[in-house]
Amino acid sequence: MIHQELNPLKKAEEIFDTGKLDEVLKILNDRVQFEELNSQQKDYIQFLKGLILTYQVKPEELIKHGEEIFKEGQNVNNKLQSFDGLYFIIIGLALAEKYEETLPKIDKLEAILKLISNISEDILNQKKVRLYLLKVWINLETNKIDSAEKYLEAVFELEKELGFTWEIVWANILKARIMFQAKRRLNIALEYFEKALSLAKKIRFNHYWISLCHGFFGMIYYSIGELDISLKYYMKSLKIAKGLNSKFWIAALLNNIGNLYCEKGEFDLALEYLEEALNLFEMLSTGSEGCLDSLIYVAREKGDNELVQKYFHRLENSYKHTKNSHAEFIYKYNKALMLKRSSRIRDKVKAEELLREIINKGTLDFVLLNDAYIHLCDLLLSEFRINKDSEVFEELNQYINQLLNIAEKTHSYRFFCEIFILKAKLALLNLELKAARRLLTQAQKIAESYNMKRLAMKISHEHDELLLQLAMWEYLKDSGGSLSERWKLAGLDEQLETMLKKQMKESPKISEEEPVSIFVITEGGSPLISHSFIDQKSFESQIFSGFLTTIDYFIREIFSEGLEQAIFGEYTLLMKSIPPFFITYIFKGDSYYAHQKINYFIDHIQKEEDIWQNLLKSFQLSQPIQLNDIPLLESLISEIFITKSISSRDY
C-alpha cells in the first residue's frame with residue numbers, strides 16, 4: 001500500500017531530476033494522491049515544493065508557502081516543521097530584497113533550532129548549515145563581508161559530515177561571490193565556481209545550481225572584457241533556466257546578454273534580447289526600469305531617436321506608476337542625458353542640475369551612479385574648455401576623486417583603472433607630466449593584479465605613446481602651448497568617449513619587445529649581474545656604459561617618483577624593485593610583454609632558493625657574479641627572454 005502511494009512522489013523526484021519544475025509542482029500540488037503518506041513524507045513533499053519556488057525565484061509564493069508550513073508546525077508543536085517553514089519565509093524575503101525583515105526572523109530560526117531535540121546528528125548538522133547559509137547570504141547582500149566569511153567557515157567545518165549536497169554547492173557559490181564581488185580575487189572566485197559546478201553535477205535536482213554557476217562564469221568573464229567567453233556561459237545558463245521556467249533568472253540573463261551585445265556593437269541583437277527581458281520583467285512587476293535604461297542606451301547608440309523617445313516614455317510611465325526611489329533615479333538620469341544632448345545652453349544647465357541632484361542623493365545602483373558622475377564631468381570639461389575657469393577644473397577633480405572612492409568601495413576595478421587614465425590625461429592637460437606617468441603606472445599594476453589583460457594592454461600602450469611624446473610635451477610646457485593643443489595631444493575626448501560608451505574597443509596591436517640587456521643592481525646602484533641579448537660588442541658596450549653612468553639618475557629621478565620605465569635613447573628601460581635589488585630590463589619596442597616577463601622573472605628568482613640565496617650572498621660580499629655561476633638563473637633568463645619556451649599565458 002505504502003509502495004503504491006509513494007509512486008507519485010518517485011515520479012515527482014524523477015521529473016525534478018530532469019529540471020521540468022512546472023510538471024513537478026503540478027504533481028506536488030495534487031494533495032489527494034498523497035493523503036495516505038505519513039507526516040515525515042508529507043513534510044518532504046512540502047520541502048520539495050519550497051525548493052522549486054526558490055529555484056523559480058517566486059518570493060511571494062515562497063513566503064506564503066513557508067507561512068503555511070510554519071503555522072502547521074506550530075499547531076502540532078513540530079519544531080522541525082516550524083524551522084522549515086520559517087526557513088522558506090526568510091528565503092522569500094531575501095529574494096524580494098527585504099533584507100532588514102529577515103534579521104528578526106533569523107534570530108527566531110536560531111531559537112527554534114536550539115529547541116529541537118531527539119533527532120539524528122546528521123539532520124541537526126543539516127539544519128545548522130541551512131541557518132549559517134542564510135546568515136552568509138544576508139550578510140553578503142548587505143555588504144557585511146567579515147560576518148559572511150565567519151559563518152561560511154562554520155559551514156565548511158561541517159562539509160565532510162554533509163557530503164555532496166545542494167547546501168555545500170550553495171556554500172561554494174557564496175564563497176565564489178565573496179571573492180568576485182567583494183574582493184575581486186577573480187582566479188579564486190573561478191576556482192570556487194568550478195568546485196560548485198563539479199559538486200552540482202553529482203547531486204540530485206541540480207539544474208538550478210548548474211545554471212547559476214554558468215551565469216556567474218558569464219559575469220566574471222564579462223567583468224574582465226572577455227565577451228565571447230562570457231556569452232558562451234550566459235547562453236548555457238539561459239538554456240537551463242528556460243527549462244526550469246525560472247522567469248526572473250531568465251529575464252536577468254536576457255538583460256545581461258543584451259548589454260553584452262551592446263558592448264560588442266551588435267545593437268539589433270542587443271535590442272532583441274533586452275525587449276524579451278523587458279516583457280518578462282513587466283510580467284513580474286519588477287526590474288523593468290533598469291531594462292528600459294539599457295534599451296534607451298542601445299537605441300541612442302544605434303542613432304534611432306524615435307526609439308529613444310518611445311522607450312523614454314515607457315520609462316516615464318513606469319516611474320509615475322511605481323514612484324520608488326530606484327525608478328526615480330533611472331528616470332531623472334535619462335532625462336538629464338536627453339537635456340545634455342540638446343544644443344541649447346539652458347537645457348545643458350538643467351542636465352547639470354539633475355546630475356548633481358542624483359549624485360547628492362546617491363543610490364545603490366552604482367553602475368548608474370558612476371555614469372551620472374562621468375556625464376557631469378563631461379559637462380564640466382566642456383565648460384572648462386570654453387571659459388578656462390580654474391574653479392571649474394578644481395570642481396571637476398573633486399568629482400573624479402569621489403568617483404574613484406566609489407569605484408574602489410564597490411570593487412569596480414575595471415572602471416577604477418579607466419578613471420586613473422582620465423586623471424592621467426587631465427594631469428597632461430595641466431602639464432604635470434610625471435604625475436600622468438605615475439597614474440598610468442598605478443593603473444597598469446591594478447589592471448594586471450585583477451587579471452584584466454585587455455585593459456592592461458591598453459594602459460601599457462597609452463604609457464608607451466606618452467613616452468614617445470615626451471619631447472613634444474616638454475616643448476608645450478616650455479612654450480606655454482595652447483589648451484586646444486594640449487587637449488588634442490592628451491586624447492581627452494577619446495577617453496571620455498570610452499567611459500561614456502558601453503562598447504568594448506579592440507585591444508591595441510602589441511608586439512613582443514626585442515630584448516637588449518638585463519641587470520641585477522643593488523639599491524645603492526652597484527651592478528651584480530649584467531647580461532646582453534645582442535651580439536655587437538661595441539653596441540653592447542655603448543649601452544652598458546651609458547646606462548651605468550646614469551644609473552643614479554634613474555634610481556633617483558625615475559624610480560623614486562613612483563615610475564618604472566623611461567626612454568633611454570631609442571630604447572626603453574624598465575626598472576622594478578625587489579629589496580635589496582633593482583631588476584632592470586632594456587629593450588626595444590612595446591612594453592606590455594616586457595612587464596609580464598619581468599614580473600614572471602622576479603616571482604621565480606624569489607621562489608628558487610638556490611638563485612635567491614646566491615644573489616643575497618653576492619650582495620653581502622659586494623661582489624659581482626657571472627651568470628653561468630648560477631645555472632638555474634641562466635636557464636630561467638634563457639627560457640623567458642631568448643628561447644621564449646615559457647608561453648605568454650604563464651606570465
Side-chain angles (χ1 to χ4, degrees), residues 57 215 218-219 222-223 227 230-231 234-235 237-238 241-242 246-342 351 354-355 358 363-375 378 415 497-505:
V57 195
M219 291 178 204
Y222 180 83
S223 75
L227 302 187
S230 173
L231 183 60
Y234 279 150
M235 289 301 190
S237 183
L238 181 63
K242 284 183 174 179
S246 182
K247 288 187 173 63
F248 182 84
W249 183 228
I250 293 167
L253 288 165
L254 289 168
N255 189 78
N256 288 356
I257 293 167
N259 286 327
L260 186 150
Y261 273 122
C262 175
E263 194 155 335
K264 286 167 73 76
E266 297 180 40
F267 300 126
D268 288 335
L269 272 173
L271 290 171
E272 182 182 323
Y273 278 93
L274 288 168
E275 279 278 10
E276 192 178 347
L278 180 63
N279 290 335
L280 283 172
F281 281 132
E282 288 181 336
M283 185 191 306
L284 297 166
S285 300
T286 184
S288 61
E289 293 88 2
C291 192
L292 280 165
D293 173 65
S294 294
L295 282 161
I296 291 168
Y297 178 84
V298 176
R300 189 183 297 122
E301 288 301 295
K302 192 181 177 186
D304 191 334
N305 292 327
E306 188 177 332
L307 199 55
V308 170
Q309 290 292 336
K310 172 191 164 186
Y311 290 132
F312 180 74
H313 288 314
R314 285 179 74 174
L315 176 62
E316 191 171 35
N317 289 332
S318 176
Y319 163 59
K320 286 175 180 176
H321 282 95
T322 56
K323 286 291 183 182
N324 65 58
S325 57
H326 188 236
E328 179 185 10
F329 177 86
I330 293 173
Y331 168 69
K332 287 186 175 179
Y333 168 76
N334 278 282
K335 187 174 181 180
L337 295 200
M338 295 186 80
L339 290 166
K340 180 181 175 234
R341 288 169 65 85
S342 169
L354 274 173
L355 291 168
I358 290 165
T363 175
L364 292 175
D365 190 336
F366 293 113
V367 174
L368 275 181
L369 184 61
N370 289 344
D371 288 347
Y373 267 100
I374 290 298
H375 281 288
D378 188 33
F415 194 62
E497 184 182 6
T498 296
M499 297 178 77
L500 290 170
K501 288 181 179 291
K502 299 171 186 175
Q503 287 175 244
M504 176 63 69
K505 289 196 171 184

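Note that the structure is predicted; figures quoted are calculated from it, not measured.
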Asker: Does the side chain of L307 come within less than 4.5 Å of L271's, by heavy atoms?
Answerer: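 With C-beta onward as the side chain, the pair touches.
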
Asker: Which value, rounded to the nearest 0.5 Å, describes the distance between H321 atom NE2 and S288 atom OG?
Answerer: 11.5 Å

Asker: Under 4.0 Å between a Lys/Arg side-chain N and an Asp/Glu carboxylate O for D304 and K310?
Answerer: no

Asker: Under the criterion side chain to side chain contact (heavy atoms under 4.5 Å, CB included), I'd like the reasoning laid out for L315 against I296: C-alpha separation, chi angles, the key distance, then a yes or no.
Answerer: CA-CA 9 Å; L315 176 62; I296 291 168; 3.8 Å; yes

Asker: Once you round to the nearest 0.5 Å, how far does OH of Y373 lie from CD1 of I358?
Answerer: 11.5 Å

Asker: Donor-acceptor pair, N255 side chain versus A251 backbone, under 3.5 Å?
Answerer: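 No: the side chain of N255 does not pair with the backbone of A251.
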
Asker: Walk me through whether N334 and E316 qualify under side chain to side chain contact (heavy atoms under 4.5 Å, CB included).
Answerer: CA-CA 10 Å; N334 278 282; E316 191 171 35; over 6 Å; no

Asker: Verify side chain to side chain contact (heavy atoms under 4.5 Å, CB included) between L231 and Y261, making sure each step is shown before the conclusion.
Answerer: CA-CA 9 Å; L231 183 60; Y261 273 122; 3.4 Å; yes

Asker: Measuring from L274:CG to N279:CG, what's the distance to the nearest 0.5 Å?
Answerer: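 Here the interatomic distance stands at 11.0 Å.
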
Asker: Does the side chain of I330 reach to within under 4.5 Å of the side chain of L292, using non-hydrogen atoms?
Answerer: no

Asker: Out of curiosity, Y311 OH to C291 SG, how far, rounded to the nearest 0.5 Å?
Answerer: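 Answer for the OH-SG pair, Y311 versus C291, is 9.0 Å.
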
Asker: Which residues pass the side chain to side chain donor-acceptor pair (under 3.5 Å) test with K242, not counting sequence neighbours?
Answerer: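 With sequence neighbours excluded, K242 shows a side chain to side chain donor-acceptor pair (under 3.5 Å) to no residue whatsoever.
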
Asker: How about Y273 and E266: does a side-chain donor come under 3.5 Å of a side-chain acceptor?
Answerer: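 No, because no side-chain N or O of Y273 sits under 3.5 Å from a partner of the opposite role on E266.
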
Asker: Output the distance between atom OG (S246) and atom CG (L253), rounded to the nearest 0.5 Å.
Answerer: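 So the gap between those two atoms works out to 8.5 Å.
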
Asker: Quick check: do D378 and K340 have side-chain heavy atoms less than 4.5 Å from each other?
Answerer: yes

Asker: Applying side chain to side chain contact (heavy atoms under 4.5 Å, CB included) to L269 and E272, what does each step give before you reach the verdict?
Answerer: CA-CA 5 Å; L269 272 173; E272 182 182 323; 4.0 Å; yes

Asker: Assess, by modelled atom type and distance only, whether the side chains of Y331 and E289 contain a donor and an acceptor separated by less than 3.5 Å.
Answerer: no

Asker: Are K247 and V57 side-chain neighbours, meaning at least one heavy-atom pair lies under 4.5 Å?
Answerer: no

Asker: Atom CD1 of I374 and atom CE of M499: how far apart are they, to the nearest 0.5 Å?
Answerer: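 Here the interatomic distance stands at 3.5 Å.
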
Asker: Side chain to side chain donor-acceptor pair (under 3.5 Å) with T286: which residues, sequence neighbours excluded?
Answerer: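 Listed in chain order: nothing, the list is empty.
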
Asker: More than 12 non-hydrogen atoms from neighbouring residues, nucleotides or ligands closer than 6.0 Å to NZ on K332, yes or no?
Answerer: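 Yes, because the 6.0 Å sphere around NZ of K332 holds more than 12 heavy atoms from other groups.
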
Asker: With sequence neighbours excluded, what pairs up with R314 under the side chain to side chain donor-acceptor pair (under 3.5 Å) test?
Answerer: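 Once residues adjacent in sequence are excluded, the partners of R314 under the side chain to side chain donor-acceptor pair (under 3.5 Å) criterion are E282.
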
Asker: Strictly by modelled atom types, are Y222 and E263 linked by a side-chain donor-acceptor pair under 3.5 Å?
Answerer: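 A pair is found: one side chain offers a donor N or O, the other an acceptor, under 3.5 Å apart.
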
